[in-house]
Number of protein chains: 2
Amino acid sequence: MSISPKLKLYEAFAAIGRALGNAHRLDILEHLAQGERGVEALAAKLGLTTANTSQHLQHLKQAGLVESRRQGKFILYRLSDDSVQRLLAALFEVGERNLAEVDKVLRDYFQARDAMEPVSPDELIARSRQGLVTVLDVRPRDEFEAEHLPGAVNIPLSELEERLSELNPEKEVVAYCRGPYCVLSFEAVARLRDHGLRARRLSDGLPEWRLGGLPVESGAE
Amino acid sequence: MSISPKLKLYEAFAAIGRALGNAHRLDILEHLAQGERGVEALAAKLGLTTANTSQHLQHLKQAGLVESRRQGKFILYRLSDDSVQRLLAALFEVGERNLAEVDKVLRDYFQARDAMEPVSPDELIARSRQGLVTVLDVRPRDEFEAEHLPGAVNIPLSELEERLSELNPEKEVVAYCRGPYCVLSFEAVARLRDHGLRARRLSDGLPEWRLGGLPVESGAE
DNA sequence: ATTACATTCCAATAATCGCTTGAATGATAT
DNA sequence: ATATCATTCAAGCGATTATTGGAATGTAAT
């Protein structure tokens with residue numbers, strides 16, 4: 001007598017759950033949400049060994065969360081589907097709502113999250129059309145070149161101070177990066193304000209923007 | 001130097017993932033999606049020991065997926081939030097889309113899923129208003145009494161054959177149970193058709209109906 | 001072919017998980 | 001108080017997981 005089909009299904013779904021059950025793998029998924037990446041490139045960004053990164057990717061692949069294709073010497077990984085991003089969003093929502101620990105980190109580190117008054121995509125589009133804002137992408141150059149918001153300027157966080165002059169002080173800066181928990185844009189807004197500029201964060205990152213059906217550009221500036 | 005705040009957050013989110021990473025726990029969540037339950041009652045439905053069920057519940061509680069309250073001698077557990085149900089739905093969607101194994105089970109066991117032509121909630125409401133259908137709840141009596149669709153008739157699957165006469169053969173039967181992977185309604189529809197009745201499944205179960213903001217009733221018939 | 005290089009596989013470690021059994025807790029009922 | 005009952009805790013087992021370093025695979029360039 002075989003196991004109930006419902007449990008068989010749940011076993012498969014649980015495998016997806018286990019795949020989500022590791023912080024590094026969530027990190028990988030955040031990076032892949034921005035576009036295809038090779039194993040070594042990912043490993044470098046994450047600070048993991050390639051062997052380890054490869055293992056995590058295999059794990060994610062078996063769970064149906066990512067797919068891969070070969071291009072020349074490299075094997076590029078990407079999210080299987082938009083449904084994966086929605087799953088991540090649902091996971092984050094549950095965490096934000098029900099885990100005191102999450103709330104604490106958000107409050108302590110991403111301090112004054114509310115005071116940052118994040119800009120919604122709709123608002124950004126409206127103000128951008130009126131020429132009131134500078135859209136600032138603070139991710140590393142390679143990520144910017146792969147894909148970015150239309151009309152965005154790229155100043156990686158590490159170069160922010162040296163390149164302040166490139167920003168028009170008349171306009172408000174709206175900074176974004178990889179996603180809702182990417183620290184780059186928080187940090188950027190704080191530093192820009194220290195230098196007397198008006199700056200706010202976009203409420204989400206590039207992947208959420210794309211998921212919302214909004215346009216993106218790719219290539220250098 | 002402390003661990004990055006993003007990883008701290010992801011560690012918390014990963015804990016939720018791990019909580020989803022066990023078939024029995026998903027089963028528990030399906031049952032709790034229908035309403036509050038005590039530990040022993042759950043254990044009986046799931047076929048687990050109480051100690052084991054309790055452990056799983058602790059695990060789910062720590063992950064913020066369920067909450068509990070004491071009522072007299074019993075401790076009742078419930079889902080923390082609607083967001084938990086949305087998370088489950090997102091998990092199922094990813095599985096259905098990207099896991100060949102899930103597809104296989106759905107095809108093999110829940111055979112001819114399409115041929116069953118599930119009825120959507122909207123359609124059910126319309127046809128029900130016209131008096132064209134019998135809404136049939138095939139879950140065990142206790143679950144029916146806790147909560148059911150308005151106007152539904154309760155015939156647990158185990159009693160289906162004996163109580164066929166209670167069903168008006170002029171009307172089409174629309175059966176439902178706990179959720180999209182609950183086997184009861186599939187089985188019920190198959191058997192009803194064997195007996196010459198027109199029968200279809202509701203596309204989802206009671207929890208999804210409630211999540212959609214549609215009304216439910218409770219108490220005996 | 002041979003070399004170079006990206007990626008995956010393999011083996012070994014320590015840590016964690018799922019489940020069982022039996023005792024401990026905590027609230028209610030007598 | 002004492003007894004009862006639902007639930008949780010604690011200890012222990014076999015199985016699984018994350019990680020690492022080194023070997024093996026497979027593709028591309030010479």
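Chain letters run A, B, ... following the sequence lines, proteins first, then strands; residues in each count from 1.
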Checklist entry - Looking at B/Glu208 and B/Arg86, does any basic side-chain N land under 4.0 Å from a carboxylate oxygen? => result no
Checklist entry - Ion pair present between A/Glu166 and A/Arg163, side-chain N to carboxylate O less than 4.0 angstrom? => result yes
Item to check | Ion pair A/Lys45/A/Glu30, N-O distance below 4.0 Å | outcome: no
Next on the checklist: Using five base pairs at each end to define the local axes, how bent is the helix from C/dA1-D/dT30 to C/dT30-D/dA1, to the nearest 10°?
Outcome noted: 30°
Next on the checklist: Strictly below 4.0 Å, N to O, side chains only: are B/Lys61 and B/Glu67 in salt-bridge contact?
Outcome noted: no
Checklist entry - Taking 4.0 angstrom as the limit, do B/Glu143 and B/Arg178 come out as a salt bridge? => result yes
Checklist entry - Charged N to carboxylate O under 4.0 angstrom, A/Lys6 versus B/Asp27? => result yes
Next on the checklist: Each nucleotide in nucleotides 6-22 of chain D should get exactly one letter: B, S or -. Can you fill that in based on protein heavy atoms under 4.0 Å?
Outcome noted: SSBBB------SSBB--
Item to check | Salt-bridge present (A/Arg139, A/Glu147; N to O < 4.0 Å) | outcome: no
